[in-house]
Amino acid sequence: MLGKIEHLGIAVKDLDKANETYEKLLGRKPYKSEAVESEHVITSFFKAGENKIELLAATHEDSAIAKYIEKKGEGIHHVAFNVEDINAELKRLEKEGFTILNKEPKKGADNKWVAFIHPKSSNGVLVELCQEIAE
Ligand SMILES: C[C@@H](C(=O)O)C(=O)SCCNC(=O)CCNC(=O)[C@H](O)C(C)(C)COP(=O)(O)OP(=O)(O)OC[C@H]1O[C@@H](n2cnc3c(N)ncnc32)[C@H](O)[C@@H]1OP(=O)(O)O
Ligand SMILES: [Co+2]
């Protein structure tokens, strides 16, 4: 079972400019910025009430974010859900017929194990699963 939405991922061209825009929009500064080398992205995180917004800019032309912006332009890139047991959920979703993009969870931003489901198997929405990394 998927839990609550962990964050919304928004693909942006220029992280500094997008930070300024989202600071004005949300009325607060980002609480952290983190590069995730494996994904070739630099992220920044904002709180909006209980919710989190992740802005992502590409650091390399091979980044999923660079490819997305080239094809579709800036915008909502993925919806991330909290899960208690990411490996169990990946097995369940695979059995249900979803296309898992990485069967081995990767280390994402903000202390999470993450895995992605292909947007073609979830009605055009790239879905990210997130499990908090235990200390
Ligand atoms: C740091 C971390 C964190 O939160 O901790 C993150 O979020 S990292 C976030 C960045 N990392 C990731 O996204 C990793 C997972 N993503 C990927 O593996 C890739 O981006 C794919 C989702 C497979 C898409 O790559 P690519 O376009 O090369 O693949 P493909 O040729 O198989 O499929 C292409 C079709 O999917 C569509 N497509 C591509 N990206 C999409 C997206 N984000 N949302 C909705 N549709 C999308 C394309 O327009 C195209 O549709 P048409 O065929 O109709 O033209
Ligand atoms: Co994300």
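None of the values given here were measured: they were computed from a predicted structure. When a ligand or atom number is given, it counts from 1 through the structure's own listing order.
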Side chain, backbone, both or neither: which part of [X] comes within less than 4.0 Å of ligand 1 when only heavy atoms are counted?
X: His7; result: side chain
X: Ala109; result: both
X: Leu56; result: side chain

Where is the nearest protein heavy atom to [atom]: which residue, which atom, and how far?
atom: atom 30 (P) of ligand 1; result: His118 NE2, 3.9 Å
atom: atom 49 (O) of ligand 1; result: Lys72 CE, 3.1 Å
atom: atom 13 (O) of ligand 1; result: His77 CE1, 3.2 Å
atom: atom 45 (C) of ligand 1; result: Gly124 O, 3.1 Å
atom: atom 28 (O) of ligand 1; result: Lys67 CD, 4.2 Å
atom: atom 22 (C) of ligand 1; result: Pro119 CD, 3.6 Å
atom: atom 2 (C) of ligand 1; result: Glu54 OE2, 3.8 Å
atom: atom 18 (O) of ligand 1; result: Leu101 CD1, 3.8 Å

Among Asn51, Val79, Asn82, whose side chain to side chain contact (heavy atoms under 4.5 Å, CB included) with Ile5 holds?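 So, applying the side chain to side chain contact (heavy atoms under 4.5 Å, CB included) to Ile5 and each of Asn51, Val79, Asn82, only Val79 qualifies.
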Looking only at distances, please establish whether an N/O atom of ligand 1 is found under 3.5 Å from an N/O atom of Tyr68.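 Such a contact does not occur with ligand 1.
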Sub-3.5 Å N/O-N/O distance, Lys120 and ligand 1: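 So ligand 1 has an N or O lying under 3.5 Å from an N or O of Lys120.
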Flag yes if [X] and [Y] sit in one hydrophobic cluster, no otherwise; membership is Ile, Leu, Val, Met, Phe, Trp, Tyr, and two members link when side-chain heavy atoms are under 4.5 Å apart.
X: Ile53; Y: Val114; result: no
X: Leu2; Y: Leu90; result: yes
X: Leu26; Y: Leu8; result: yes
X: Phe98; Y: Val127; result: yes
X: Leu25; Y: Ile10; result: yes

Atom indices of ligand 1, in the order listed, that fall short of 4.0 Å to a heavy atom of [X]:
X: Lys71; value: 27 (O), 34 (C), 48 (C), 49 (O), 50 (C)
X: Ala64; value: 11 (N), 12 (C), 13 (O), 20 (O)
X: Gly108; value: 5 (O)
X: Val36; value: 1 (C)

Atom 25 (O) of ligand 1 within contact range, any protein heavy atom under 4.0 Å: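 When distances to the protein are checked, atom 25 (O) of ligand 1 has no heavy atom within 4.0 Å.
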Protein non-hydrogen atom below 4.0 angstrom of atom 55 (O) of ligand 1 present: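 Under the 4.0 Å cut-off, atom 55 (O) of ligand 1 has no protein heavy-atom neighbours at all.
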Distance below 2.8 Å from the Co ion (ligand 2): protein N/O/S atoms: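 Correct list: His7 NE2, Glu54 OE1, His78 NE2, Glu128 OE1.
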Could you tell me how the ring of Phe46 sits relative to the ring of Tyr22: parallel (under 30°), tilted (30 to 60°) or perpendicular (over 60°)?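 Rings of Phe46 and Tyr22: tilted, as their planes differ by 30° to 60°.
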Should the pair Phe45 and Tyr31 be assigned to parallel (<30°), tilted (30 to 60°) or perpendicular (>60°) ring geometry?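 The arrangement is tilted - the two ring planes meet at 30° to 60°.
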Is there a donor-acceptor contact under 3.5 Å from the side chain of Glu54 to the main chain of Thr43?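 Checked: no pair found.
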Mind checking who shares a hydrophobic cluster with Val36, ILVMFWY linked at side-chain heavy-atom distances under 4.5 Å?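 So far as hydrophobic clustering goes, Val36 is joined with Val41, Leu56, Ile65, Ile69.
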Is there any salt bridge (Lys or Arg N to Asp or Glu O under 4.0 Å) pair reaching into residues 116-135, and which pairs are they, with sequence neighbours excluded?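 Matches after skipping sequence neighbours: Lys112-Glu132.
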Does some non-hydrogen atom of [X] fall short of 4.0 Å from ligand 1?
X: Ala80; answer: no
X: Glu39; answer: yes
X: Glu34; answer: no

Could you list the residues that satisfy ring-ring contact (aromatic ring centres under 6.0 Å, His included) with Phe81, not counting sequence neighbours?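 Listed in chain order: nothing, the list is empty.
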I'd like to know if Lys103 pairs up with Glu94 as an ion pair, taking the criterion as any Lys NZ or Arg NE/NH1/NH2 lying under 4.0 Å from an Asp or Glu carboxylate oxygen.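 Salt bridge: yes.
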Lys52/Glu6 ion pair, N-O < 4.0 Å: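 Yes, Lys52 and Glu6 are salt-bridged.
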Decide if atom NZ of Lys32 counts as having more than 12 heavy atoms of other residues, nucleotides or ligands within a radius under 6.0 Å.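 For Lys32, atom NZ is crowded (more than 12 foreign heavy atoms under 6.0 Å).
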